[in-house]
Amino acid sequence: MSEKFLLHVCCAPCSIAVIDELRTQYDLSILFFNPNIHPKEEYLRRKHEVIRICKEWDIPMLDQDYSTEEWDFATKGLEEQPEGGFRCNACFRVRLSWTAQVAAEGGFSRFGSTLTTGRYKKAAIINPIGEAAANRFGSRFHAEDWKKKGREALSRRMVKDRAMYEQNYCGCRYSLRDMHRREERKKALQKEA
Ligand code: SF4
């Protein structure tokens, strides 16, 4: 019997190649816990795509409640931080702490997260947060930089084959705000040209 692995998944386009790789090596379960995603319609849309992959490959999925209180509290005062700044570290901590706790309570021998697949998500920051969460709850963190070994290109192909929904901002209301700001700046520059 293979090891029980709990994989925290941020969204389907970032995670599909990782899930496909791990499902052949472990007794894999998926955890969808992303209280950062705003608005709720977007959260449901992203979750729907993760459910679709889990159904395709018959992988159990733990669907956690959407409650933003803890996330809002953890990121208070960090609203103006850019993507990749301190707010993101707090965001990772919330999601990985919960995953470590669920893994410990659920008898999973290890847990991991697809967070390091993101282009702007540094494994050097995320992996130590995962290790710290594992130590706190007595579980084991599977540290990996999922951007590597051609997984990014493979994911893109798999997403295209399935005509999967792909978001254009990281997830929280602040990353949505920043995306709108970028678009407005671009429009203003185009008008000036
Ligand atoms: S930009 Fe992304 S990682 Fe950073 S706080 Fe927002 S949702 Fe979390």
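Read the numbers this way: they start at 1 and go in the same order the structure lists the ligands and their atoms. Excluded from the calculations below are hydrogen atoms, water molecules and symmetry mates; all remaining heavy atoms, backbone and side chain alike, are included. Counting from 1, the numbers follow the sequence of the chain as shown.
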Query raised in the report: Closer than 4.0 angstrom: is that true for some heavy atom of Q81 and an atom of ligand 1?
Result: no
Query raised in the report: Are F92 and ligand 1 in contact, using a heavy-atom cut-off of under 4.0 Å?
Result: yes
Query raised in the report: Nearest to atom 5 (S) of ligand 1, what protein heavy atom do you find, and at what distance?
Result: R87 NE, 3.3 Å
Query raised in the report: What residue and atom, counting heavy atoms only, is the protein's closest point to atom 4 (Fe) of ligand 1, and at what distance?
Result: C88 SG, 2.3 Å
**Report entry** Residue that, paired with S15, satisfies side chain to side chain contact (heavy atoms under 4.5 Å, CB included) out of C10, S155, S113
**Finding:** C10
Query raised in the report: Should the pair R119-E152 be classified as a salt bridge under the 4.0 Å nitrogen-to-oxygen rule?
Result: yes
Query raised in the report: Under 6.0 Å from the six-membered ring centre of F33 and within 45° of its axis: does the NZ or CZ of R95 meet both?
Result: no
Report task. Kindly indicate whether a cation-pi arrangement holds for R46 with Y169, taking the cut-offs as under 6.0 Å to the six-membered ring centre and within 45° of the axis. Result -> yes
Numbered atoms of ligand 1 (with element) below 4.0 Å of [X], judged on heavy atoms:
X	result
K121	3 (S)
C170	1 (S), 2 (Fe), 3 (S), 7 (S)
E83	1 (S)

**Report entry** C91 backbone or side-chain N/O/S under 2.8 Å from atom 8 (Fe) of ligand 1
**Finding:** yes
Report task. Evaluate the side chain to side chain contact (heavy atoms under 4.5 Å, CB included) criterion for residues D63 and L31: first the C-alpha distance (whole Å), next the side-chain angles of each, then the deciding distance (0.1 Å), finally the verdict. Result -> CA-CA 6 Å; D63 180 3; L31 173 68; over 6 Å; no
Requested in this report: Could you confirm whether C172 has any N/O/S atom lying under 2.8 Å from atom 4 (Fe) of ligand 1?
Outcome: no
**Report entry** Nearest heavy-atom neighbours spanning I19 and V9
**Finding:** CD1-CG2, 4.0 Å
Report task. Examine F141 together with F111 and report whether their ring centres are nearer than 6.0 Å. Result -> yes
